[in-house]
Amino acid sequence: MTTNHRPGHLNLNAFLMSSGHHEASWRLPQSGPDATGHDIAHLRRLAQIAERGRFDSIFFADGPGLQGDVGRRPSGTLDPLIVLTAIAAATERIGLVATASTTYNSPYNLARRFASIDHVSAGRAGWNVVTTAGPDIARNFGLDAQPAHAERYARAAEFLEVAFKLWDSWEDDAVVADKAAGIWADSAKIHPPEHVGRYFSVAGALNVPRSPQGRPLIVQAGSSQDGKDLAARYAEAVFTAHQTLGDAQEFYRDLKARTVAAGRDADGVRILPGIVPVIGSTEAEARAQERELDELILPQYAQRQLARTLRLAPEDLPLDRELPADLPDEDEIEGAKSRYTLVVRLARRERLTVRELIGRLGGGRGHRTFAGTPEQVADTLQEWYDAGAADGFNIMPAALPSGLEQFTEHVLPVLRERGLFRTEYEGTTLREHYGLARPANRYATAEQVGA
């Protein structure tokens, strides 16, 4: 592939998930018993591999409930905000992104925790903002049903507004530490939000001074219409899922346009589609690895999972038939709307049987999977980047740690040779890795902002 490419370089995030993103990765002979989401030594090792590769960031998904069937794959995960504090001490430069829900948290506590992680990590914290769908999770919090889709996103918008006020409640120079005068902080530079809104009432200032980044990097992953509107207003990085270049380009153009319409710079948001690379020294070797993983999928588990996604009963999905003609309309779906649409479109476009669809989803739950040599993986990343479909990628290794090691040792050198990825970190904070400015405090004077 030609080395004439779009200016700049890729942003790369490593999405870390227990034994890997392929649901059968834990069954591989080389997958050890420690490859779980609750073994902190395993998670630290993965973070250190990614840092050696100079990834921008690592990312942990989360949900406040036991997800899926525990017979299907390693289940049970530690609170990612606590995990990040442990990883911060074991790394130096890589960004640290954790998922937290706006539906089942309060702004004050969450703003405090992320500000604390930003201090502990010297400016490497990021928050993946989710609204959390699912009636089972709602019942964990005393609700009979999950809040409606539109209501969850309205709450998320107000939640973020409150969090931003809290992160700005201390001006950057509020702490003066004047021993002679006996003044530790200038009380005139502490600004209680006194917020009263539809969902939240928050009076006092945060009890943590403004953090190194001002506020954590805001990440978002919803691709519904409400999700894209939320991202356009607040997100600085967006994780998204696409199967085709055309769909990715359409999403990219749409979200950048929405960002401008929201009064922001289009370059102020980085769009990172997910990709599940399976890497071999030859294409045949990579395909063989992919087949080995797919053959380890247990159809009875995957069939039940697909049925939940499609809001059907498992018996409505015979393995060797295509999806039923009569499926729920997207407007009827209250959670994970964009993933529902992606799965249905994939099945219809390629006329897949349920068994074939299960195989396609087993590697990345709807994210694009790609098996090939390091050069072929680099080619597909460059093609999407140059074609205006991505600013970077959410790398989702099919198996861990092997897939992350292969990507780091064999794909990254190819990208570097093409001038598409850094050789060393150029900054110390997550915002600097992504090429994003530190936000000015809303109470800063014009002189302070321009300084």
Side-chain angles (χ1 to χ4, degrees), residues 1 12 14-32 35 49 53 72-73 241-248 273-299 301-303 305-306 319-320 322 342-343 345-347 349-385 387 389-390 393-415 417-418 420:
M1 177 172 285
L12 296 179
F15 184 172
L16 305 181
M17 178 181 281
S18 61
S19 61
H21 283 270
H22 196 287
E23 67 177 69
S25 57
W26 69 277
R27 299 185 67 198
L28 292 171
Q30 64 268 33
S31 181
I49 293 168
R72 183 167 168 243
R73 63 170 299 145
H242 302 290
Q243 289 287 328
T244 69
L245 175 62
D247 286 347
I275 183 168
V276 183
V278 180
I279 304 162
S281 58
T282 65
E283 184 174 352
E285 181 182 303
R287 297 288 183 192
Q289 290 182 34
E290 187 176 45
R291 283 194 302 273
E292 179 185 13
L293 284 163
D294 289 346
E295 288 168 0
L296 292 173
I297 295 174
L298 296 180
Y301 289 132
Q303 185 183 34
Q305 179 66 28
L306 180 61
L319 288 171
D320 295 310
E322 294 182 24
L342 183 150
V343 169
R345 285 181 179 174
L346 170 63
R349 182 175 62 246
E350 301 188 20
R351 299 183 62 86
L352 300 174
T353 66
V354 169
R355 190 185 303 275
E356 291 168 336
L357 180 59
I358 284 170
R360 292 291 295 277
L361 298 177
R365 304 171 308 284
H367 288 275
R368 186 178 183 219
T369 59
F370 185 88
T373 66
E375 291 76 14
Q376 288 172 325
V377 173
D379 286 347
T380 195
L381 298 183
Q382 182 173 351
E383 179 187 14
W384 280 41
Y385 178 67
F393 294 89
N394 198 16
I395 304 300
M396 304 165 58
L400 289 167
S402 59
L404 184 60
E405 290 171 332
Q406 290 169 336
F407 190 91
T408 298
E409 294 170 8
H410 301 294
V411 178
L412 290 182
V414 178
L415 294 175
E417 287 174 5
R418 299 178 184 182
L420 286 165

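- The CD atom of Glu285 sits 13.0 Å away from atom CD of Glu290, with the distance rounded to the nearest 0.5 Å.
- Put simply, the side chain of Glu375 never gets that close to the backbone of Val414: no donor and acceptor are under 3.5 Å apart.
- In this structure, the side chain of Ser25 engages the main chain of Ser19 through a donor-acceptor pair within 3.5 Å.
- Residues meeting the side-chain contact (heavy atoms from CB on, under 4.5 Å) test with Glu322, sequence neighbours left out: Arg351.
- Closest approach of Gly280 to Pro374, counting heavy atoms only: O-CD, 3.4 Å.
- Here the CG atom belonging to Leu412 is positioned 12.5 Å from the CD atom belonging to Gln406, to the nearest 0.5 angstrom.
- Here Thr244 contributes atom OG1 and Arg345 contributes atom CZ; the two are 9.0 Å apart, rounded to the nearest 0.5 Å.
- Distance check: Ser18 OG to Glu23 CD gives 11.5 Å after rounding to the nearest 0.5 Å.
- Looking at every heavy atom in both residues, His22 comes nearest to Asp294 through NE2-OD1, 2.8 Å.
- By the 4.5 Å heavy-atom criterion applied to side chains, Pro401 and Ile49 are counted as neighbours.
- Taking each heavy atom of Tyr385 and Phe393 in turn, the nearest pair found is N-CZ, 4.4 Å.
- Summarising the geometry of Thr408 relative to Gly53, their closest heavy-atom pair is CG2-CA, 3.6 Å, with the distance given to 0.1 Å.
- In this structure Leu400 satisfies the side-chain contact (heavy atoms from CB on, under 4.5 Å) test together with Leu46, Pro397, Leu404, sequence neighbours excluded.
- The shortest distance between side-chain heavy atoms of Ile275 and Thr380 falls below 4.5 Å.
- Shown here for Glu292 and Pro29, the closest heavy-atom pair between the two residues is OE2-CD, 4.2 Å.
- Looking at residues two or more places apart in sequence or on another chain, you find a side-chain contact (heavy atoms from CB on, under 4.5 Å) between Leu296 and Ala24, Arg27, Leu28.
- Under the 30°/60° scheme for interplanar angles, the aromatic rings of Phe15 and His21 are found to stand perpendicular.
- Between atom CG of residue Leu415 and atom CG of residue Asp379 there is a gap of 9.5 Å, rounded to the nearest 0.5 Å.
- Counting all heavy atoms, side chain and backbone alike, Leu12 lies closest to Phe407 at CD1-CE2, 4.2 Å.
- To the nearest 0.5 angstrom, Leu306 atom CG is 9.5 Å from Leu319 atom CG.
- Of the possible polar contacts, one joining the Gln376 side chain to the Thr373 backbone as a donor-acceptor pair under 3.5 Å is found.
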Do Val278 and Arg291 pass the side chain to side chain contact (heavy atoms under 4.5 Å, CB included) test, and can you show the C-alpha distance, the side-chain angles, and the key distance before you say yes or no? CA-CA 10 Å; Val278 180; Arg291 283 194 302 273; over 6 Å; no
